[in-house]
*Asks:* 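I have a structure here, written as structure tokens, and I will follow up with some questions on it.
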Amino acid sequence: MATELVSGNEACARGAIAAGCNFFGGYPISPSSEVAETLAKILPGHKGIFVQMEDEMASLGSVLGASLGGAKAMTATSGPGFTLMQEHLGYATLAEIPCVVVDVMRVGPSTGVPTAPSQGDVMQARWGSHGDREVAVLAPASVREIYDMTVNAFNIAERLRTPVVVMFDEVLAHMREGVELSAPSHDELWRRPRPLEDPGPSFRAYLPNEDGVAAMPNFGDGYHFHVTGLMHNEKGFPTTHPETIRGLMARLKRKMDPLPFWLPAEHYRLEDAELAVVAYGITSRVAREAVDRLRDRGVLAGLYRPRLLWPVGAADLADTLGRFQSVVVPEMNQGQWVEVVERYLPSAVRVVSRSKLGGEPMTTEEILEGCREFVKKGVRAL
Amino acid sequence: MNPGKQLLRQDMMPHILCPGCGHGIVLNTLVRVLAKRFTSMDQVALVAGIGCSSRIVGYIDANTLHTTHGRALSFATGLKLSRPELTVIVITGDGDGLGIGGNHLIHAARRNLDLTCILFNNETYGMTGGQLAPTTVLRAFTTTTPYGNKEKSFDAAELVKAAGATFVGRGQAYRPDLLEELIDRAIAHRGFSFLDVMTDCTEYFGRKNALGGGSDLLFSQARGEEAIAQGLGEWPELRDPDGFPIRETVPMGVLHEVNRPTLEEMMGLAGYDAREE
């Protein structure tokens with residue numbers, strides 16, 4: 001297989017095709033537009049449909065409608081558009097409609113800097129929609145990983161009937177890397193669970209299997225079921241019954257439990273490390289180099305890289321990092337995922353946020369500088 | 001027996017509509033048309049937004065989708081494109097379709113996807129308690145216009161026609177026989193068809209404007225009936241007890257009908273099916 005020079009946004013579009021995506025509804029926005037542009041070009045050749053909608057709310061609405069018809073459906077956007085999509089992300093969570101949303105992060109708040117990177121949407125992805133809800137958020141760190149994780153995202157969305165967000169930044173979106181993009185085999189692609197029973201009045205559209213996921217027929221397949229954003233019972237009909245609501249909310253949370261096992265965090269040189277750096281996305285690329293340079297100078301540093309930002313793989317995080325005296329968390333925001341690290345580590349661990357704003361990516365030197373105070377005296381100066 | 005009754009989900013009853021509300025008449029008329037046109041509801045999808053009108057899709061035993069406020073047409077667009085063989089009918093209200101969802105309405109009309117959109121127009125936000133709608137006429141009282149409405153209202157049919165819809169009509173709850181014909185023609189039409197259906201909100205709009213009860217409001221639609229019977233009539237003007245016009249005169253019946261290629265025809269989707277395998 002030949003090595004190609006591919007940008008992150010192109011890799012995302014091609015990952016979608018490899019995953020079997022056959023519907024894209026979107027609205028142009030920097031720095032994500034090349035995802036839409038690439039799919040506009042190649043989807044029709046792969047028996048897929050591309051439609052440009054009138055705004056981001058309609059984009060995700062069209063994606064959810066297509067998914068109910070049986071399509072593997074996706075949209076892509078950036079900060080301001082991601083904000084507008086929050087309503088439908090909440091809807092997709094409660095109505096349990098598989099979909100993939102790509103968020104290419106740019107500087108915010110508001111219009112911010114449309115063509116400069118940030119990691120400012122981490123908390124928005126988790127809490128942006130009203131009401132409690134779980135959401136799956138994947139954070140690739142390279143062009144190759146954007147391709148792979150777009151496939152992962154479709155698999156998770158289908159398997160768990162939930163919206164999945166793939167989140168990277170402007171640098172990864174526009175950066176070109178030499179990659180070999182090998183398509184997954186048919187067996188590696190997961191599909192939403194199908195009902196085993198025939199259509200009929202006893203069919204319950206939201207009756208969960210043991211894993212908490214209900215079988216999902218398509219609209220038009222003969223199952224006359226109801227889909228709503230209201231709290232609903234197992235038939236899908238609206239309810240205000242408190243016990244039913246509590247049960248539904250607990251199930252929606254529980255069904256996400258396997259995710260941290262499917263996408264475990266990467267542990268890099270952590271085994272004998274005395275200083276841990278926690279970083280994700282583009283920042284983890286720089287953090288890896290910083291760890292290597294610290295090691296070159298005799299500092300036992302290591303990198304913990306979550307590939308899944310939400311839900312948090314809390315057990316692995318606590319097991320791996322609980323023994324450290326100091327954990328440094330560089331992010332291109334004012335300190336968002338650092339709150340997660342603080343939450344799940346014992347209070348004896350000193351968790352330090354190293355934040356960078358302004359639309360420039362973090363540099364190796366800045367991470368080294370951020371680690372300086374934790375380097376023992378006697379070790380060669382950084 | 002009502003031929004549409006078999007299409008209603010009995011376990012969803014009783015419905016949420018108030019006594020005197022015109023929406024039930026429109027629901028009844030819709031299921032009569034569906035029963036007449038389709039031997040099975042397997043290939044019929046009803047998509048709705050939020051509001052009193054939008055709740056009616058839950059009562060129909062079909063593929064039913066109750067979406068978010070104003071956005072039903074976007075869901076319907078994705079559904080129809082992924083499964084062009086389905087008959088997709090969108091149920092919306094005047095607040096849902098012309099207020100929060102107005103942008104989606106004009107773009108759906110422009111795309112000319114083969115959808116039918118039925119807008120229940122009761123000139124107010126009923127479910128939230130009778131507030132100002134984009135269809136509330138000048139000077140009318142609502143809970144958010146306690147001194148009378150100072151904004152001009154939309155003419156939904158003219159708006160959607162200008163946006164490019166290929167079938168536009170207006171009906172009323174008072175004449176279900178004519179409405180039945182209108183709904184039937186709208187579904188039969190290839191392309192984006194839109195119906196502005198005048199119904200009455202007795203509990204809020206009627207009460208706030210001292211227009212009487214449900215039957216008073218319904219019979220107020222009757223003036224002008226002769227013209228309506230001829231196929232293109234007028235929704236009569238209605239005045240409050242002080243003589244101020246509450247409802248402007250608007251034409252009824254089929255208002256616009258043309259043919260132009262649908263979006264699915266432009267995309268070459270004959271036989272397209274998004275399902276895998």
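So you know, we letter chains A, B, ... as the sequences are listed, proteins then strands, and number each from 1.
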*Asks:* Hydrogens and angles aside, do A/H224 and B/D42 bring a side-chain donor and acceptor to less than 3.5 Å of each other?
*Replies:* yes
*Asks:* How long is the straight-line distance from CG of A/N22 back to CG of B/L81, given to the nearest 0.5 Å?
*Replies:* 11.5 Å
*Asks:* Report the option among B/V44, B/I60, B/D61, B/L46 that has the most heavy-atom pairs separated by less than 4.5 Å from atoms of chain A.
*Replies:* B/D61
*Asks:* Ignoring hydrogens, what is the shortest heavy-atom contact between B/L65 and A/Y91? Give both atom names and the distance.
*Replies:* CD1-OH, 3.3 Å
*Asks:* Heavy-atom pairs under 4.5 Å with chain B - which of A/H88, A/K72, A/M57 has more of them than the others?
*Replies:* A/H88
*Asks:* Could you tell me the separation between the CD atom of A/E54 and the CG atom of B/L73, rounded to the nearest 0.5 Å?
*Replies:* 8.5 Å
*Asks:* At a heavy-atom separation under 4.5 Å, does B/A62 approach chain A through its side chain, its backbone, both, or neither?
*Replies:* backbone
*Asks:* Let me know if B/M267 has heavy atoms under 4.5 Å from chain A in its side chain, its backbone, both or neither.
*Replies:* side chain
*Asks:* Find the distance between OG (A/S67) and CG (B/L79) and round it off to the nearest 0.5 Å.
*Replies:* 10.5 Å
*Asks:* Between A/G229, A/G25, A/G222, which residue shows the highest count of heavy-atom pairs closer than 4.5 Å to chain B?
*Replies:* A/G222
*Asks:* Which word best sums up how the rings of B/H66 and A/H226 line up, parallel for under 30°, tilted for 30 to 60°, or perpendicular for over 60°?
*Replies:* parallel
*Asks:* Let me know if B/R110 has heavy atoms under 4.5 Å from chain A in its side chain, its backbone, both or neither.
*Replies:* neither
*Asks:* Is A/D221 salt-bridged to B/R83, going by a charged N under 4.0 Å from an acidic O?
*Replies:* yes
*Asks:* Among residues 37-53 of chain A, which residues come closer than 4.5 Å to chain B, judged by heavy atom distances?
*Replies:* A/K47, A/G48, A/I49, A/F50, A/V51, A/Q52, A/M53
*Asks:* What heavy-atom pair brings A/G220 and B/Q43 nearest, and what distance separates the two atoms?
*Replies:* O-NE2, 2.9 Å
*Asks:* Within a 6.0 Å radius of atom CZ on B/R190, are there more than 12 heavy atoms belonging to other residues, nucleotides or ligands?
*Replies:* no
*Asks:* Grab the two heavy atoms, one from A/F219 and one from B/T64, that are nearest each other, plus how far apart they are.
*Replies:* CZ-O, 3.5 Å
*Asks:* Against chain B, work out which of A/A58, A/A71, A/G20 has the most heavy-atom pairs shorter than 4.5 Å and name it.
*Replies:* A/A58
*Asks:* Please identify, among B/I50, B/V57, B/D11, B/V47, the residue contributing the most non-hydrogen atom pairs under 4.5 Å to chain A.
*Replies:* B/D11
*Asks:* Looking only at heavy atoms, what is the nearest atom pair of B/S82 and A/A66, with distance?
*Replies:* OG-O, 3.4 Å
*Asks:* Is it true that atom OH of B/Y59 has more than 12 heavy atoms of other residues, nucleotides or ligands lying nearer than 6.0 Å?
*Replies:* yes
*Asks:* What is the minimum heavy-atom distance between A/G61 and B/S74, and which atoms define it?
*Replies:* CA-OG, 3.5 Å
*Asks:* Do the charged groups of A/E87 and B/R71 touch, with an N to O distance under 4.0 Å?
*Replies:* yes
*Asks:* Identify which part of B/L269 has an atom lying under 4.5 Å from any heavy atom of chain A, answering side chain, backbone, both or neither.
*Replies:* side chain
*Asks:* Hey, what do you get for NZ (A/K235) to CE (B/M12), rounding to the nearest 0.5 Å?
*Replies:* 10.5 Å
